[in-house]
Amino acid sequence: MVRIGIPRALLYYQYYPAWKTFFEELGAEVVVSAPTNQATLAEGSARVVADTCLPVKVFLGHVLSLVGKCDRIFIPAVRSVQNKVYNCSKFLGLPDMTKAVVPESPPILDIDIDVNRGKRVLYQSIYKLGRHFSWNPVKIRRASLAAWQTYLDYREMMSSQKIAPPEAIERMSGAAGEETGTASTCPDSTRATIALIGHPYLLYDEYINHRLIHRLEQSGNRILTPEIVAEEELEQAVKKLSGGAYWTYEEEVVGAGGYYLQNGTDGVIGIMTFGCGPDSLMMDTVRRHAARLKSTPFMCLTLEEHTAEAGVVTRLEAFTDMIYRKKRKELEICV
Ligand code: SF4
């Protein structure tokens with residue numbers, strides 16, 4: 001059986017269940033790299049120039065960790081998943097960049113995803129990918145439809161059960177308990193509800209964000225993430241704040257930021273990385289909206305490979321202290 005390696009980085013958190021279904025339907029075995037650790041980051045960073053963004057360095061580290069563990073590695077070039085909405089250039093060149101800087105990588109299975117070129121071209125790309133496993137177009141079509149259904153189920157599970165991608169992935173593979181959701185309901189009104197906004201590869205990679213969600217939950221806060229909001233709500237929030245999406249995945253930043261700033265949270269934390277052009281524009285849109293509203297505190301946390309754990313902890317403590325002071329003051333006014 002052919003083993004297909006999938007790096008646990010970048011678009012993994014958006015599409016892993018769908019990719020897994022597609023390859024398994026075509027008779028392949030899927031191998032995922034282990035969670036990020038110090039070696040993953042150090043080895044990935046050593047392959048590229050210093051100003052490459054942190055998530056790409058981490059991605060290359062995951063590719064390196066799969067060398068010798070799979071026969072091929074899946075690296076799609078996702079250009080656009082919505083009409084006239086474009087992805088960051090790093091995603092476009094990911095297969096080529098990987099070939100250039102990781103020559104020892106197993107052969108790369110790539111696919112161009114660009115909905116601007118029409119459905120016909122998209123289907124041709126899917127068939128081209130599927131032909132590595134089967135010459136039967138019906139089988140490839142069946143695998144792609146099953147993958148699409150898995151993607152819809154995955155999104156639905158996250159928004160209806162209010163859970164984040166890592167937990168939804170575990171539940172879909174039947175490996176998790178039922179009552180440990182990221183956004184579990186909390187009857188204690190003195191606890192803070194904090195929304196995190198940003199790309200899943202930053203929010204859910206515990207190594208690069210220094211276990212942000214875990215830390216906030218341990219201090220008794222209730223955490224909300226972009227995936228638990230219905231897609232239509234996020235799209236509406238993007239329209240309201242920036243007139244419509246320009247960047248792919250803008251819903252995770254501008255959409256979630258706009259939505260949570262006005263929907264019952266005590267604070268919003270934006271997570272981005274140093275040197276990221278798209279995120280610096282998107283976070284600024286959210287920051288300006290928060291300043292206009294003056295109702296919900298907003299903090300932007302910028303991560304890079306030299307970000308110290310102590311620095312993250314200090315910023316989180318200062319932000320949550322401010323939220324609790326505000327809540328206490330509001331309670332005093334009530335009584
Ligand atoms: S959007 Fe930013 S963080 Fe993500 S890959 Fe592009 S440059 Fe890197």
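Counting starts at 1 for both ligands and their atoms, following the listed order.
- Residues Ile163 and Glu167 share a closest heavy-atom pair of CG2-OE1, 3.6 Å.
- At least one heavy atom of Phe91 sits less than 4.0 Å from an atom of ligand 1.
- Of the protein's non-hydrogen atoms, the one nearest atom 3 (S) of ligand 1 is Thr273 OG1, 3.5 Å.
- Using a 3.5 Å distance cut-off with no hydrogens or angles, the side chains of Glu227 and Tyr204 do pair a donor with an acceptor.
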Show your working on salt bridge (charged side-chain N to carboxylate O under 4.0 Å, His left out) between Asp266 and Lys327 and close with a plain yes or no.
CA-CA 8 Å; Asp266 297 306; Lys327 279 174 83 69; 3.4 Å; yes

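- Atom 6 (Fe) of ligand 1 has its nearest heavy-atom neighbour, among Pro278, Pro55, Cys88, Cys53, in Cys88.
- Between Phe74 and Trp19, a ring centre-to-centre spacing shorter than 6.0 Å is recorded.
- Ligand 1 is approached by Tyr201 to a heavy-atom distance shorter than 4.0 Å.
- Residue Cys276 counts as close to atom 2 (Fe) of ligand 1, with an N, O or S atom under 2.8 Å.
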Yes or no on salt bridge (charged side-chain N to carboxylate O under 4.0 Å, His left out) for Arg325 and Asp321, after CA distance, side-chain angles and deciding distance?
CA-CA 6 Å; Arg325 268 203 311 276; Asp321 279 356; 5.4 Å; no

